[in-house]
K.L.:
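There's a structure below that I have some questions on.
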Amino acid sequence: MKNLIELKNVTKRFGGITALNKASLNVSSGEVVGLIGDNGAGKSTLIKTLVGVYSPDEGDIFIKDKKVEGWTALKAREAGIETVFQDRALCPQQSIVWNIFMGKELTYPFGFIREKEQIREANRLIREIGFTSKLINAESPVGNLSGGERQGVAIARAIYNNAELIILDEPTNALSLNETQKVFDFVNNVKKSNRSVLFIGHNIFHVYDISDRFVVLDRGEIVHQLNKSEISSPEKLMKIMKDTISKH
């Protein structure tokens, strides 16, 4: 599989504190990578570095095997990296189509919005990622959707923004089993389209179920990168984390 993004020995400091220490990580096309670690492990710093909010103090970033100089949020978006945060940044009072196209509307030369085209495209996007209910369409208010379905809208918006790597920050937090399964279905459909997902979660069972590979972060260092084939159960993954943290 071809690397979408690769970090090599990336270090990020804030004053005298090293938040990331020589972190090396890659995400390939069409895979789901689970990122796990305790609070304070450096997950937020790693995410913000991936999306260009922070540029590394040391180390290199490669996009499709080409080194990028002057890493910024604009370059990250141009590389197809999108983040869906816990709050999903959706407007519940507005429709699905409004939320997907917000700030990036399709317009005619004089600025009028191409509403019918947007509705068609929004319907295509939500079906592509796995919305099956006939009761939900592009003009449905987001406020009427469940938590898992709202994650789906946020993912559809990322795909509309030409995402090749979607970073999901705690996407199953506070969701029921049924809603969690909806999120998993959306993620699997993203993977089928040869896009990639970095799945960040505290629930090891959820991360284990959906991921192809696991990255364990502890105190700013990537201490393990493990394929799912190496880990027989979520309990084994938890034990590896616990043993690592106690020794590190």
Side-chain angles (χ1 to χ4, degrees), residues 4 29-30 32 47 51-53 73-74 76-201 203 206 209-210:
L4 280 178
S29 300
V32 180
I47 295 165
V51 300
V53 174
L74 178 60
R77 293 203 81 174
E78 287 173 346
I81 300 169
E82 293 281 335
T83 307
V84 175
F85 292 105
Q86 268 181 293
D87 61 9
R88 306 175 199 100
L90 299 174
C91 296
Q93 302 89 348
Q94 299 290 347
S95 65
I96 290 173
V97 64
W98 190 93
N99 274 276
I100 288 175
F101 287 88
M102 175 176 50
K104 288 194 172 183
E105 291 83 0
L106 302 178
T107 58
Y108 292 108
F110 292 103
F112 294 105
I113 293 173
R114 287 142 54 187
E115 290 185 20
K116 288 182 180 177
E117 192 174 336
Q118 287 191 168
I119 289 168
R120 279 197 304 273
E121 179 63 6
N123 277 321
R124 185 192 68 77
L125 283 167
I126 64 174
R127 299 303 172 217
E128 177 186 325
I129 67 158
F131 278 85
T132 55
S133 172
K134 292 180 180 178
L135 299 175
I136 297 172
N137 59 49
E139 296 176 274
S140 301
V142 165
N144 292 350
L145 303 180
S146 66
E149 289 162 348
R150 293 186 191 198
Q151 284 284 349
V153 173
I155 292 168
R157 182 173 63 197
I159 291 172
Y160 169 66
N161 289 334
N162 297 316
E164 291 193 60
L165 169 62
I166 301 174
I167 300 171
L168 297 181
D169 182 26
E170 300 282 352
T172 57
N173 190 36
L175 295 186
S176 67
L177 285 173
N178 188 42
E179 292 303 306
T180 295
Q181 186 55 54
K182 287 180 184 176
V183 174
F184 285 179
D185 290 343
F186 295 142
V187 170
N188 282 323
N189 283 325
V190 169
K191 181 182 170 183
K192 284 176 189 172
S193 68
N194 208 37
R195 296 178 177 92
S196 304
V197 173
L198 184 64
F199 191 103
I200 300 139
N203 189 314
H206 291 176
D209 284 347
I210 195 62

K.L.:
CZ of Phe101 to CD1 of Ile119: how many Å apart, nearest 0.5 Å?
P.N.:
9.5 Å
K.L.:
Return the minimal non-hydrogen interatomic distance between Ile96 and Asn137, and the atom names on each side.
P.N.:
CD1-O, 3.3 Å
K.L.:
Kindly give the heavy-atom pair with the smallest separation between Ile136 and Glu149, and that separation in Å.
P.N.:
CD1-OE2, 3.5 Å
K.L.:
Can you give me the closest heavy-atom contact between Ala76 and Val51, atom names plus distance?
P.N.:
CB-O, 3.3 Å
K.L.:
When rounded to the nearest 0.5 angstrom, what distance separates CD1 in Ile129 from CD1 in Ile159?
P.N.:
5.5 Å
K.L.:
Between OH of Tyr108 and CD of Glu117, what distance do you get to the nearest 0.5 Å?
P.N.:
7.0 Å
K.L.:
What's the shortest heavy-atom distance between Leu4 and Ser196, and which atoms?
P.N.:
CD1-OG, 3.4 Å
K.L.:
Glu121 versus Gln118: any side-chain heavy-atom pair under 4.5 Å?
P.N.:
no
K.L.:
Does the side chain of Phe186 reach to within under 4.5 Å of the side chain of Val190, using non-hydrogen atoms?
P.N.:
no
K.L.:
Do the non-hydrogen side-chain atoms of Asn203 and Asn173 ever get within less than 4.5 Å of each other?
P.N.:
no
K.L.:
Taking everything shown except Glu115 itself, do over 12 heavy atoms lie less than 6.0 Å from its CD?
P.N.:
no
K.L.:
Do Glu179 and Ser176 pass the side-chain hydrogen bond (donor to acceptor under 3.5 Å, both in side chains) test, and can you show the C-alpha distance, the side-chain angles, and the key distance before you say yes or no?
P.N.:
CA-CA 5 Å; Glu179 292 303 306; Ser176 67; 4.8 Å; no
K.L.:
Could you check if a side-chain atom of Arg120 sits within less than 4.5 angstrom of a side-chain atom of Asn123, using non-hydrogen atoms only?
P.N.:
no
K.L.:
Taking all atoms of both residues into account, what is the closest heavy-atom pair of Ala89 and Met102, and its distance?
P.N.:
O-CE, 4.1 Å
K.L.:
Under 3.5 Å, side chain of Glu170 to main-chain N/O of Leu168, donor-acceptor pair present?
P.N.:
no
K.L.:
Roughly how far apart are Lys191 NZ and Ile210 CD1, rounded to 0.5 Å?
P.N.:
8.0 Å
K.L.:
Find the distance between CD (Gln181) and CG (Asn178) and round it off to the nearest 0.5 Å.
P.N.:
8.0 Å
K.L.:
Output the distance between atom OH (Tyr160) and atom CZ (Arg157), rounded to the nearest 0.5 Å.
P.N.:
12.0 Å
K.L.:
Using atom types as modelled and distance alone, determine if a side-chain donor or acceptor of Arg127 lies under 3.5 Å from a backbone N or O of Phe131.
P.N.:
yes
K.L.:
State, with a plain yes or no, whether a side-chain heavy atom of His206 is found less than 4.5 Å away from one of Pro171.
P.N.:
no
K.L.:
For Phe199 and Val32, work out which heavy atoms get closest and say how close.
P.N.:
CB-CG1, 4.2 Å
K.L.:
Between Thr83 and Phe85 (side chain of the first, backbone of the second, donor and acceptor by atom type, cut-off under 3.5 Å), is there such a pair?
P.N.:
no
K.L.:
Flag the pair Trp98 / Val142 as yes when at least one side-chain heavy-atom distance between them is below 4.5 Å, and no otherwise.
P.N.:
no
K.L.:
Considering only NZ, NE, NH1 and NH2 on the basic side and carboxylate oxygens on the acidic side, decide whether Arg195 and Glu128 come within less than 4.0 Å.
P.N.:
yes
K.L.:
I'd like to know whether Lys182 forms a side-chain contact (heavy atoms from CB on, under 4.5 Å) with Leu175, so could you lay out the CA-CA distance, the side-chain angles of the two residues, the decisive distance to 0.1 Å, and finally the verdict.
P.N.:
CA-CA 10 Å; Lys182 287 180 184 176; Leu175 295 186; over 6 Å; no
K.L.:
Any heavy-atom pair between the side chains of Ile100 and Ile126 that's under 4.5 Å?
P.N.:
yes
